[in-house]
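Some notes on the structure that comes next.
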Amino acid sequence: EQTPINKEIHHFILIISGIALFLGFSFFLLNIGIGTPYIENLVFMIGIIVANVPEGLLATVTVCLTLTAKRMHAKKVLVKNL
């Protein structure tokens with residue numbers, strides 16, 4: 001069973017991955033329209049996708065942990081195990 005924070009992180013990962021794929025494919029199609037070679041477009045697309053996903057994941061996990069800590073603080077939760 002997934003915890004609420006695990007569900008949030010999974011949801012954010014899907015969003016960031018979707019955005020990275022969208023950007024990669026849109027640049028691929030844009031470059032095809034310009035007339036650059038397909039191999040260069042493919043390498044550029046993969047580079048954009050790979051570069052965007054790790055950058056967004058660190059921010060995602062930080063935001064999820066911060067929001068969860070704020071909710072726990074508001075409920076005055078005492079954490080026994082880390």
_Under 3.5 Å side-chain donor-acceptor pair for Asn31 and Thr36_ = no
_Straight-line distance of Arg71 CZ to Lys75 NZ, nearest 0.5 Å_ = 8.0 Å
*Should Leu29 and Ile46 be counted in the same cluster of Ile, Leu, Val, Met, Phe, Trp and Tyr side chains packed under 4.5 Å apart?*
yes
*Considering all heavy atoms, the nearest Ala20-Asn52 contact*: CB-CB, 3.7 Å
*Out of Val63, Val61, Leu67, which residue meets the side chain to side chain contact (heavy atoms under 4.5 Å, CB included) rule with Leu65?*
Val61
*In terms of hydrophobic clustering (I, L, V, M, F, W, Y; side-chain heavy atoms under 4.5 Å; direct or indirect links), are Ile32 and Ile49 co-clustered?*
yes
_Path from Phe44 to Leu30 over hydrophobic side-chain contacts below 4.5 Å_ = yes
_Strictly distance-based, threshold 3.5 Å: is any side-chain N or O of Ser26 a donor or acceptor partner for the main-chain N or O of Leu23?_
yes
*Classify the ring geometry between Phe28 and Tyr38 as parallel (under 30°), tilted (30 to 60°) or perpendicular (over 60°).*
tilted
*Is there side-chain contact between Met45 and Phe27, with heavy atoms separated by less than 4.5 Å?*
no
_Around atom CD1 of Ile39, are there more than 12 heavy atoms from other residues, nucleotides or ligands closer than 6.0 Å?_
no
